[in-house]
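Take a look at the structure set out below.
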Protein chains: 2
Amino acid sequence: MDTRTLCLAILQKGAASGYEIKKKLEEMPYRIFQEVGFGSIYPALNRLLEAGHVTVQAQAQRKRPDKKVYAITANGRQELEGSLLHPPAQDRFRSDFLFVLFHSELLAHEELADLFDTRITELKSTIDQMHACDLSGASPGARFVHGYGLTYYENALDYLCTHREWLLDETEARRQTTSATWCPEVSSTVPGGDR
Amino acid sequence: MDTRTLCLAILQKGAASGYEIKKKLEEMPYRIFQEVGFGSIYPALNRLLEAGHVTVQAQAQRKRPDKKVYAITANGRQELEGSLLHPPAQDRFRSDFLFVLFHSELLAHEELADLFDTRITELKSTIDQMHACDLSGASPGARFVHGYGLTYYENALDYLCTHREWLLDETEARRQTTSATWCPEVSSTVPGGDR
DNA sequence: CTTGACATGTAACCAGTTACATGATTCT
DNA sequence: AGAATCATGTAACTGGTTACATGTCAAG
(Lines give C-alpha, C1' and ligand atoms only; values in the text may rest on other atoms or scores of the structure.)
Protein backbone atom coordinates (compact mmCIF):
# COMPACT_ATOMS: atom_id res chain seq x y z
CA MET A 1 0.00 0.00 0.00
CA ASP A 2 1.43 3.37 -0.91
CA THR A 3 2.35 5.90 1.74
CA ARG A 4 -0.51 8.27 0.90
CA THR A 5 -3.16 5.62 1.52
CA LEU A 6 -1.36 4.50 4.67
CA CYS A 7 -1.44 8.06 5.97
CA LEU A 8 -5.12 8.43 5.15
CA ALA A 9 -5.83 5.17 6.98
CA ILE A 10 -4.17 6.46 10.13
CA LEU A 11 -5.74 9.90 9.90
CA GLN A 12 -9.12 8.27 9.50
CA LYS A 13 -8.76 7.09 13.09
CA GLY A 14 -7.85 10.58 14.31
CA ALA A 15 -5.81 13.68 13.49
CA ALA A 16 -2.03 13.39 13.76
CA SER A 17 1.25 15.01 12.76
CA GLY A 18 3.75 13.47 10.37
CA TYR A 19 5.94 12.49 13.27
CA GLU A 20 3.05 10.78 15.05
CA ILE A 21 2.05 8.94 11.87
CA LYS A 22 5.53 7.49 11.60
CA LYS A 23 5.41 6.31 15.20
CA LYS A 24 2.07 4.60 14.61
CA LEU A 25 3.41 2.87 11.52
CA GLU A 26 6.25 1.52 13.65
CA GLU A 27 4.04 -0.14 16.21
CA MET A 28 1.27 -2.70 16.07
CA PRO A 29 -0.97 -3.19 14.29
CA TYR A 30 0.29 -1.02 11.39
CA ARG A 31 3.76 -2.50 11.71
CA ILE A 32 2.45 -5.58 9.91
CA PHE A 33 1.87 -3.60 6.74
CA GLN A 34 4.90 -1.47 6.23
CA GLU A 35 7.40 0.84 7.78
CA VAL A 36 8.07 4.10 6.01
CA GLY A 37 10.54 6.89 6.61
CA PHE A 38 10.01 10.63 7.01
CA GLY A 39 11.23 11.04 3.49
CA SER A 40 8.06 9.30 2.34
CA ILE A 41 5.59 10.63 4.89
CA TYR A 42 6.13 14.37 4.61
CA PRO A 43 5.88 14.51 0.82
CA ALA A 44 2.85 12.22 0.99
CA LEU A 45 1.09 14.56 3.44
CA ASN A 46 1.82 17.53 1.19
CA ARG A 47 0.32 15.74 -1.78
CA LEU A 48 -2.75 14.79 0.26
CA LEU A 49 -3.05 18.44 1.24
CA GLU A 50 -2.87 19.61 -2.37
CA ALA A 51 -5.51 17.05 -3.33
CA GLY A 52 -7.78 18.22 -0.53
CA HIS A 53 -7.78 14.86 1.19
CA VAL A 54 -6.48 16.37 4.42
CA THR A 55 -6.27 19.73 6.17
CA VAL A 56 -3.46 21.09 8.35
CA GLN A 57 -3.42 23.13 11.50
CA ALA A 58 -0.15 24.39 12.89
CA GLN A 59 0.09 23.90 16.61
CA ALA A 60 2.51 26.08 18.52
CA GLN A 61 4.09 24.26 21.43
CA ARG A 62 6.03 25.60 24.37
CA LYS A 63 9.53 24.14 24.54
CA ARG A 64 8.99 22.13 21.38
CA PRO A 65 9.09 22.84 17.67
CA ASP A 66 5.77 23.60 16.06
CA LYS A 67 3.61 20.67 15.18
CA LYS A 68 1.51 20.38 12.02
CA VAL A 69 -1.59 18.42 12.83
CA TYR A 70 -3.26 16.84 9.82
CA ALA A 71 -6.92 15.84 9.74
CA ILE A 72 -8.75 13.83 7.10
CA THR A 73 -11.53 15.51 5.10
CA ALA A 74 -14.77 14.02 3.75
CA ASN A 75 -12.97 13.99 0.42
CA GLY A 76 -10.11 12.01 1.90
CA ARG A 77 -12.43 9.51 3.49
CA GLN A 78 -14.05 8.93 0.13
CA GLU A 79 -10.62 8.45 -1.44
CA LEU A 80 -9.70 5.87 1.20
CA GLU A 81 -12.94 3.97 0.78
CA GLY A 82 -12.40 4.07 -2.96
CA SER A 83 -9.00 2.43 -2.69
CA LEU A 84 -10.48 -0.29 -0.51
CA LEU A 85 -13.08 -1.07 -3.14
CA HIS A 86 -11.07 -2.08 -6.17
CA PRO A 87 -9.68 -5.62 -5.96
CA PRO A 88 -6.44 -5.73 -3.97
CA ALA A 89 -3.10 -6.28 -5.68
CA GLN A 90 -1.32 -9.58 -5.19
CA ASP A 91 0.51 -10.13 -1.93
CA ARG A 92 4.25 -9.73 -2.21
CA PHE A 93 6.53 -11.59 0.11
CA ARG A 94 10.20 -10.67 -0.03
CA SER A 95 12.65 -12.66 2.03
CA ASP A 96 16.39 -12.39 1.66
CA PHE A 97 16.58 -15.01 4.40
CA LEU A 98 14.82 -17.60 2.24
CA PHE A 99 16.90 -16.55 -0.75
CA VAL A 100 20.05 -17.37 1.19
CA LEU A 101 18.70 -20.72 2.39
CA PHE A 102 17.73 -21.50 -1.19
CA HIS A 103 21.45 -21.45 -1.95
CA SER A 104 22.40 -23.45 1.11
CA GLU A 105 25.08 -25.39 -0.76
CA LEU A 106 27.03 -22.16 -1.26
CA LEU A 107 27.34 -21.56 2.49
CA ALA A 108 29.40 -23.27 5.19
CA HIS A 109 27.57 -25.51 7.65
CA GLU A 110 28.25 -23.14 10.53
CA GLU A 111 27.01 -20.07 8.65
CA LEU A 112 23.80 -21.90 7.84
CA ALA A 113 23.30 -23.00 11.45
CA ASP A 114 23.91 -19.44 12.67
CA LEU A 115 21.39 -18.07 10.19
CA PHE A 116 18.77 -20.49 11.50
CA ASP A 117 19.50 -19.75 15.11
CA THR A 118 19.36 -15.97 14.82
CA ARG A 119 16.14 -16.18 12.81
CA ILE A 120 14.56 -18.54 15.35
CA THR A 121 15.50 -16.20 18.20
CA GLU A 122 14.08 -13.21 16.30
CA LEU A 123 10.85 -15.05 15.57
CA LYS A 124 10.40 -16.04 19.21
CA SER A 125 10.86 -12.46 20.33
CA THR A 126 8.43 -11.18 17.70
CA ILE A 127 5.84 -13.74 18.79
CA ASP A 128 6.27 -12.76 22.44
CA GLN A 129 5.79 -9.09 21.58
CA MET A 130 2.66 -9.87 19.60
CA HIS A 131 1.21 -11.94 22.43
CA ALA A 132 1.92 -9.10 24.85
CA CYS A 133 0.17 -6.63 22.57
CA ASP A 134 -2.99 -5.07 23.98
CA LEU A 135 -5.95 -5.57 21.66
CA SER A 136 -8.79 -4.34 23.87
CA GLY A 137 -10.63 -1.71 21.94
CA ALA A 138 -9.06 -2.74 18.63
CA SER A 139 -11.40 -3.07 15.65
CA PRO A 140 -12.38 -6.53 14.39
CA GLY A 141 -10.23 -5.92 11.32
CA ALA A 142 -7.21 -5.07 13.45
CA ARG A 143 -7.69 -8.21 15.54
CA PHE A 144 -8.09 -10.33 12.45
CA VAL A 145 -4.91 -9.01 10.88
CA HIS A 146 -3.04 -9.35 14.15
CA GLY A 147 -4.14 -12.98 14.38
CA TYR A 148 -3.10 -13.59 10.78
CA GLY A 149 0.36 -12.21 11.46
CA LEU A 150 0.71 -14.12 14.69
CA THR A 151 -0.17 -17.47 13.15
CA TYR A 152 2.20 -16.73 10.28
CA TYR A 153 5.09 -16.15 12.69
CA GLU A 154 4.19 -19.18 14.79
CA ASN A 155 4.01 -21.44 11.77
CA ALA A 156 7.24 -20.05 10.37
CA LEU A 157 8.97 -20.74 13.68
CA ASP A 158 7.58 -24.25 13.73
CA TYR A 159 8.72 -24.92 10.17
CA LEU A 160 12.22 -23.63 10.84
CA CYS A 161 12.56 -25.74 13.99
CA THR A 162 11.25 -28.94 12.42
CA HIS A 163 13.27 -28.62 9.19
CA ARG A 164 16.53 -27.14 10.44
CA GLU A 165 18.30 -30.45 10.79
CA TRP A 166 16.91 -31.75 7.53
CA LEU A 167 18.33 -28.85 5.51
CA LEU A 168 21.68 -28.97 7.30
CA ASP A 169 22.06 -32.72 6.72
CA GLU A 170 20.81 -32.74 3.14
CA THR A 171 23.05 -29.83 2.20
CA GLU A 172 26.04 -31.64 3.69
CA ALA A 173 25.12 -34.80 1.80
CA ARG A 174 24.73 -32.91 -1.48
CA ARG A 175 28.08 -31.23 -0.98
CA GLN A 176 29.87 -34.59 -0.66
CA THR A 177 28.20 -36.26 -3.62
CA THR A 178 29.29 -33.48 -5.95
CA SER A 179 29.20 -35.34 -9.23
CA ALA A 180 30.20 -38.92 -8.48
CA THR A 181 27.29 -40.83 -6.99
CA TRP A 182 23.66 -40.14 -6.78
CA CYS A 183 22.38 -40.53 -3.25
CA PRO A 184 18.77 -41.70 -2.78
CA GLU A 185 17.10 -39.43 -0.26
CA VAL A 186 15.04 -41.34 2.27
CA SER A 187 13.28 -39.18 4.80
CA SER A 188 9.83 -38.78 6.25
CA THR A 189 10.36 -35.03 6.63
CA VAL A 190 11.13 -34.10 3.06
CA PRO A 191 9.42 -30.76 2.46
CA GLY A 192 6.71 -31.20 -0.07
CA GLY A 193 7.22 -34.93 -0.12
CA ASP A 194 4.09 -35.91 1.76
CA ARG A 195 1.72 -36.81 -0.98
CA MET B 1 16.55 -9.24 -3.48
CA ASP B 2 17.51 -6.97 -6.34
CA THR B 3 17.18 -8.05 -9.96
CA ARG B 4 20.95 -8.31 -10.54
CA THR B 5 21.42 -10.83 -7.73
CA LEU B 6 18.35 -12.73 -8.88
CA CYS B 7 19.82 -12.99 -12.39
CA LEU B 8 23.17 -14.15 -11.02
CA ALA B 9 21.40 -16.80 -8.95
CA ILE B 10 19.71 -18.20 -12.02
CA LEU B 11 22.80 -18.02 -14.21
CA GLN B 12 24.73 -19.83 -11.51
CA LYS B 13 22.59 -22.88 -12.33
CA GLY B 14 23.26 -22.55 -16.03
CA ALA B 15 23.58 -20.10 -18.91
CA ALA B 16 20.38 -18.43 -20.09
CA SER B 17 19.01 -15.52 -22.09
CA GLY B 18 17.07 -12.62 -20.60
CA TYR B 19 13.86 -14.10 -21.88
CA GLU B 20 14.62 -17.46 -20.29
CA ILE B 21 15.54 -15.81 -17.00
CA LYS B 22 12.17 -14.11 -16.89
CA LYS B 23 10.41 -17.41 -17.51
CA LYS B 24 12.32 -19.08 -14.70
CA LEU B 25 11.43 -16.26 -12.34
CA GLU B 26 7.78 -16.84 -13.20
CA GLU B 27 7.75 -20.48 -12.24
CA MET B 28 8.62 -22.41 -9.13
CA PRO B 29 10.72 -22.24 -7.15
CA TYR B 30 11.87 -18.69 -8.03
CA ARG B 31 8.29 -17.50 -8.17
CA ILE B 32 8.31 -17.43 -4.37
CA PHE B 33 10.89 -14.67 -4.32
CA GLN B 34 9.83 -12.18 -6.86
CA GLU B 35 8.54 -11.58 -10.33
CA VAL B 36 10.32 -9.02 -12.44
CA GLY B 37 9.63 -7.56 -15.84
CA PHE B 38 11.86 -7.27 -18.91
CA GLY B 39 12.33 -3.64 -18.03
CA SER B 40 14.30 -4.77 -14.99
CA ILE B 41 16.04 -7.82 -16.40
CA TYR B 42 17.68 -6.44 -19.54
CA PRO B 43 19.24 -3.42 -17.82
CA ALA B 44 20.34 -5.69 -14.96
CA LEU B 45 22.10 -8.05 -17.38
CA ASN B 46 23.87 -5.12 -19.04
CA ARG B 47 25.12 -3.90 -15.69
CA LEU B 48 26.33 -7.39 -14.80
CA LEU B 49 28.12 -7.49 -18.13
CA GLU B 50 29.84 -4.15 -17.50
CA ALA B 51 30.88 -5.34 -14.05
CA GLY B 52 32.32 -8.55 -15.50
CA HIS B 53 29.96 -10.77 -13.53
CA VAL B 54 28.63 -12.37 -16.70
CA THR B 55 29.62 -12.89 -20.33
CA VAL B 56 27.39 -12.91 -23.44
CA GLN B 57 27.32 -14.94 -26.56
CA ALA B 58 24.94 -14.14 -29.37
CA GLN B 59 23.21 -17.20 -30.72
CA ALA B 60 21.77 -17.06 -34.20
CA GLN B 61 18.60 -19.10 -34.50
CA ARG B 62 16.78 -20.41 -37.49
CA LYS B 63 13.34 -18.84 -37.78
CA ARG B 64 13.74 -17.01 -34.49
CA PRO B 65 15.23 -13.71 -33.41
CA ASP B 66 18.80 -13.88 -32.18
CA LYS B 67 19.28 -14.96 -28.62
CA LYS B 68 21.85 -13.51 -26.23
CA VAL B 69 22.98 -16.25 -23.92
CA TYR B 70 24.52 -15.00 -20.69
CA ALA B 71 26.90 -17.09 -18.57
CA ILE B 72 28.18 -16.36 -15.08
CA THR B 73 31.90 -15.76 -14.57
CA ALA B 74 34.11 -16.71 -11.60
CA ASN B 75 33.83 -13.04 -10.66
CA GLY B 76 30.07 -13.23 -10.71
CA ARG B 77 30.01 -16.36 -8.59
CA GLN B 78 32.13 -14.58 -6.01
CA GLU B 79 29.75 -11.64 -6.07
CA LEU B 80 26.77 -13.93 -5.51
CA GLU B 81 28.43 -15.77 -2.63
CA GLY B 82 29.38 -12.41 -1.17
CA SER B 83 25.77 -11.23 -1.13
CA LEU B 84 24.72 -14.45 0.59
CA LEU B 85 27.26 -13.88 3.36
CA HIS B 86 26.19 -10.59 4.88
CA PRO B 87 23.20 -10.91 7.20
CA PRO B 88 19.92 -10.86 5.25
CA ALA B 89 17.62 -7.86 5.35
CA GLN B 90 14.33 -8.13 7.21
CA ASP B 91 11.50 -9.94 5.48
CA ARG B 92 8.89 -7.66 4.05
CA PHE B 93 5.35 -8.79 3.64
CA ARG B 94 3.03 -6.52 1.71
CA SER B 95 -0.62 -7.37 1.51
CA ASP B 96 -3.26 -5.05 0.17
CA PHE B 97 -5.73 -7.82 0.95
CA LEU B 98 -4.98 -7.63 4.68
CA PHE B 99 -5.02 -3.84 4.51
CA VAL B 100 -8.56 -3.95 3.20
CA LEU B 101 -9.69 -6.47 5.81
CA PHE B 102 -8.09 -4.26 8.44
CA HIS B 103 -10.71 -1.67 7.50
CA SER B 104 -13.55 -4.16 7.36
CA GLU B 105 -16.01 -1.71 8.90
CA LEU B 106 -15.66 0.54 5.83
CA LEU B 107 -16.88 -2.21 3.50
CA ALA B 108 -20.30 -3.73 2.91
CA HIS B 109 -20.91 -7.25 4.21
CA GLU B 110 -21.15 -8.64 0.71
CA GLU B 111 -17.95 -7.02 -0.50
CA LEU B 112 -16.14 -8.52 2.47
CA ALA B 113 -17.57 -11.97 1.83
CA ASP B 114 -16.60 -11.76 -1.84
CA LEU B 115 -13.05 -10.75 -0.94
CA PHE B 116 -12.74 -13.78 1.31
CA ASP B 117 -14.17 -16.14 -1.24
CA THR B 118 -11.97 -15.06 -4.11
CA ARG B 119 -8.89 -15.19 -1.91
CA ILE B 120 -9.78 -18.65 -0.64
CA THR B 121 -10.24 -19.88 -4.20
CA GLU B 122 -6.92 -18.36 -5.25
CA LEU B 123 -5.12 -19.93 -2.31
CA LYS B 124 -6.54 -23.35 -3.06
CA SER B 125 -5.39 -23.14 -6.64
CA THR B 126 -1.91 -21.96 -5.62
CA ILE B 127 -1.63 -24.84 -3.16
CA ASP B 128 -2.70 -27.35 -5.82
CA GLN B 129 -0.11 -25.98 -8.23
CA MET B 130 2.60 -26.22 -5.60
CA HIS B 131 1.67 -29.80 -4.77
CA ALA B 132 1.77 -30.68 -8.45
CA CYS B 133 5.24 -29.17 -8.77
CA ASP B 134 8.01 -31.60 -9.61
CA LEU B 135 10.85 -31.42 -7.10
CA SER B 136 12.96 -34.38 -8.16
CA GLY B 137 16.45 -33.12 -8.78
CA ALA B 138 15.81 -29.88 -6.90
CA SER B 139 18.46 -28.78 -4.41
CA PRO B 140 17.81 -29.15 -0.67
CA GLY B 141 17.54 -25.36 -0.46
CA ALA B 142 14.91 -25.28 -3.19
CA ARG B 143 12.89 -28.01 -1.47
CA PHE B 144 13.15 -26.25 1.84
CA VAL B 145 11.94 -22.96 0.42
CA HIS B 146 9.18 -24.72 -1.50
CA GLY B 147 8.03 -26.37 1.72
CA TYR B 148 8.15 -23.05 3.56
CA GLY B 149 5.96 -21.43 0.94
CA LEU B 150 3.55 -24.33 0.83
CA THR B 151 2.99 -24.39 4.58
CA TYR B 152 2.52 -20.62 4.51
CA TYR B 153 -0.23 -20.90 1.92
CA GLU B 154 -1.86 -23.84 3.69
CA ASN B 155 -1.86 -22.04 7.02
CA ALA B 156 -3.15 -18.85 5.43
CA LEU B 157 -6.00 -20.80 3.85
CA ASP B 158 -6.80 -22.43 7.15
CA TYR B 159 -6.79 -19.10 8.97
CA LEU B 160 -9.08 -17.48 6.41
CA CYS B 161 -11.54 -20.38 6.52
CA THR B 162 -11.67 -20.59 10.30
CA HIS B 163 -11.93 -16.81 10.87
CA ARG B 164 -14.13 -15.75 7.99
CA GLU B 165 -17.38 -15.92 9.93
CA TRP B 166 -15.85 -14.32 12.97
CA LEU B 167 -14.74 -11.21 11.08
CA LEU B 168 -18.02 -10.92 9.20
CA ASP B 169 -20.08 -11.17 12.39
CA GLU B 170 -17.87 -8.94 14.51
CA THR B 171 -17.76 -6.27 11.83
CA GLU B 172 -21.55 -6.33 11.60
CA ALA B 173 -21.82 -6.04 15.38
CA ARG B 174 -19.35 -3.15 15.48
CA ARG B 175 -21.22 -1.35 12.73
CA GLN B 176 -24.42 -1.35 14.74
CA THR B 177 -22.91 -0.11 17.99
CA THR B 178 -20.84 2.68 16.49
CA SER B 179 -23.14 4.06 13.82
CA ALA B 180 -25.21 6.00 16.33
CA THR B 181 -22.39 7.55 18.29
CA TRP B 182 -19.88 7.97 15.49
CA CYS B 183 -18.39 11.45 15.37
CA PRO B 184 -17.19 12.35 11.90
CA GLU B 185 -15.19 15.58 11.95
CA VAL B 186 -11.95 16.71 13.57
CA SER B 187 -13.40 17.66 16.94
CA SER B 188 -11.52 17.24 20.21
CA THR B 189 -9.81 13.96 19.47
CA VAL B 190 -6.31 15.30 18.90
CA PRO B 191 -3.82 12.62 19.94
CA GLY B 192 -0.79 13.71 21.88
CA GLY B 193 -2.69 16.36 23.78
CA ASP B 194 -1.67 19.97 23.57
CA ARG B 195 0.24 22.22 26.02
C1' DC C 1 -6.42 -13.54 -39.43
C1' DT C 2 -5.58 -13.06 -34.93
C1' DT C 3 -3.64 -14.58 -30.68
C1' DG C 4 0.30 -16.14 -28.27
C1' DA C 5 5.06 -17.55 -27.84
C1' DC C 6 9.64 -16.15 -28.94
C1' DA C 7 13.10 -12.32 -28.53
C1' DT C 8 15.33 -7.67 -27.15
C1' DG C 9 15.46 -3.42 -25.75
C1' DT C 10 14.57 2.04 -24.30
C1' DA C 11 12.34 6.05 -22.01
C1' DA C 12 9.33 8.07 -18.98
C1' DC C 13 7.50 7.71 -14.79
C1' DC C 14 6.74 6.65 -9.95
C1' DA C 15 7.90 5.30 -5.29
C1' DG C 16 10.91 4.59 -1.71
C1' DT C 17 15.46 5.08 0.79
C1' DT C 18 19.31 7.62 2.50
C1' DA C 19 21.76 11.40 3.59
C1' DC C 20 21.67 15.92 4.71
C1' DA C 21 20.06 20.17 7.30
C1' DT C 22 18.28 22.33 11.61
C1' DG C 23 17.36 22.87 16.40
C1' DA C 24 15.38 22.56 21.34
C1' DT C 25 14.77 19.57 25.34
C1' DT C 26 15.13 15.78 28.45
C1' DC C 27 17.20 11.81 30.29
C1' DT C 28 21.35 9.16 31.81
C1' DA D 1 28.76 15.37 28.06
C1' DG D 2 26.29 12.67 25.05
C1' DA D 3 22.29 10.17 23.63
C1' DA D 4 17.54 10.01 22.81
C1' DT D 5 13.15 12.20 21.75
C1' DC D 6 10.52 15.61 19.58
C1' DA D 7 9.79 17.96 15.09
C1' DT D 8 10.01 19.13 9.93
C1' DG D 9 11.67 19.04 5.76
C1' DT D 10 14.71 18.64 0.94
C1' DA D 11 17.76 16.51 -2.57
C1' DA D 12 20.02 12.94 -4.60
C1' DC D 13 19.90 8.40 -5.57
C1' DT D 14 18.14 3.72 -6.49
C1' DG D 15 15.10 0.58 -8.17
C1' DG D 16 10.99 -1.02 -10.28
C1' DT D 17 6.85 -0.57 -13.40
C1' DT D 18 4.61 0.63 -17.61
C1' DA D 19 4.36 1.92 -22.04
C1' DC D 20 6.47 2.02 -26.23
C1' DA D 21 9.05 0.08 -30.29
C1' DT D 22 10.08 -3.90 -33.45
C1' DG D 23 9.83 -8.27 -35.60
C1' DT D 24 9.14 -13.65 -36.76
C1' DC D 25 6.60 -17.79 -36.62
C1' DA D 26 3.23 -21.39 -35.24
C1' DA D 27 -1.31 -22.68 -34.03
C1' DG D 28 -6.14 -22.15 -33.79
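Computed over heavy atoms, backbone and side chain alike; hydrogens, waters and symmetry mates excluded. These figures come from a predicted structure and were not determined experimentally. Proteins come first, then strands; the chains are lettered A, B, ... in the order of their sequence lines, and each starts at number 1.
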Item to check | Whole angstrom value for the distance that separates C1' of D/dG16 from CD1 of B/Ile41 | outcome: 12 Å
Item to check | A/Lys23 vs D/dA7: side-chain N/O to OP1/OP2 distance below 4.0 Å | outcome: no
Checklist entry - At under 4.0 Å, does any side-chain N or O of A/Tyr19 touch on OP1 or OP2 of D/dC6? => result yes
For a quick test of your reading: what N or O donor-acceptor pairs under 3.5 Å do the side chains of residues 99-106 of chain A make, sequence neighbours left out?
from	atom 1	to	atom 2	distance (Å)
A/His103	ND1	A/Phe99	O	2.8
A/Ser104	OG	A/Thr171	OG1	3.0

Item to check | Counterpart residues, salt bridge (Lys or Arg N to Asp or Glu O under 4.0 Å), relative to A/Arg92 (two or more places apart) | outcome: none
Next on the checklist: Please identify which of these residues, B/Ile21, B/Leu25, B/Val145, meets the side-chain contact (heavy atoms from CB on, under 4.5 Å) condition with B/Tyr30.
Outcome noted: B/Leu25
Item to check | Under 4.0 angstrom between B/Ser17 side-chain N/O and C/dA7 OP1 or OP2 | outcome: no
Item to check | For atom CD of B/Glu20 and atom P of C/dA5, their distance in whole Å | outcome: 16 Å
Next on the checklist: Please determine whether a side-chain nitrogen of the Lys or Arg among B/Glu122 and B/Arg119 lies less than 4.0 Å from a carboxylate oxygen of the Asp or Glu.
Outcome noted: yes
Item to check | d(CG, A/Asp96; P, D/dG15) in whole Å | outcome: 13 Å
Checklist entry - To the nearest Å, how far apart are A/Tyr42 OH and D/dA11 P? => result 16 Å
Checklist entry - Is it the case that A/His163 and A/Glu170 place a side-chain donor and acceptor less than 3.5 Å from each other? => result no
Checklist outcome for this item: Computed from five pairs at either end and rounded to 10 degrees, the angle between the axes of the helix from C/dC1-D/dG28 to C/dT28-D/dA1 is 40°
Checklist entry - How many Å lie between CG on B/Leu49 and C1' on C/dG9, as a whole number? => result 14 Å
Checklist entry - Between D/dC25 atom P and B/Asp66 atom CG, what is the distance in whole Å? => result 13 Å
Checklist entry - Among C/dG16, D/dG16, D/dA7, which is the nearest nucleotide to the side chain of A/Lys67? => result D/dA7
Checklist entry - Can you find a side-chain donor-acceptor pair between A/Asp2 and A/Thr5 that sits under 3.5 Å? => result yes
Checklist entry - Got a sec, which hydrophobics cluster with B/Phe38, joining ILVMFWY side chains under 4.5 Å apart, including via others? => result B/Tyr19, B/Tyr42
Next on the checklist: Just the rounded figure in Å: distance from P of D/dT10 to CG of A/Leu45.
Outcome noted: 11 Å
Next on the checklist: Under 3.5 Å, is there a donor on one side chain and an acceptor on the other for A/Ser136 and A/Asp134?
Outcome noted: yes
Next on the checklist: What's the closest nucleotide to the side chain of A/Lys68 if the choices are C/dT10, D/dT8, C/dC6?
Outcome noted: D/dT8
Item to check | Toward the 5' end of DNA chain C, by each residue's nearest nucleotide, B/Val69 or B/Arg92 | outcome: B/Val69
Checklist entry - Relative to the 5' end of DNA chain D, which residue comes earlier, B/Arg4 or A/Tyr70, by the nucleotide with the nearest heavy atom? => result A/Tyr70
Checklist entry - Can you check the B/Leu25 CG to D/dT17 P distance for me, whole Å? => result 11 Å
Next on the checklist: As a quick check of understanding, evaluate salt bridge (charged side-chain N to carboxylate O under 4.0 Å, His left out) for A/Arg4 and A/Glu79, giving each step before the final call.
Outcome noted: CA-CA 10 Å; A/Arg4 285 200 294 285; A/Glu79 173 72 15; over 6 Å; no
Next on the checklist: Tell me which residues in residues 33-40 of chain A lie within less than 4.0 Å of DNA chain D, going by non-hydrogen atoms.
Outcome noted: A/Phe38, A/Gly39
Item to check | Any residue meeting side-chain contact (heavy atoms from CB on, under 4.5 Å) with B/Gln90, in chain and number order, not counting sequence neighbours | outcome: none
Item to check | B/Asn46, nearest nucleotide to its side chain (from C/dT10, D/dT10, C/dG16) | outcome: C/dT10
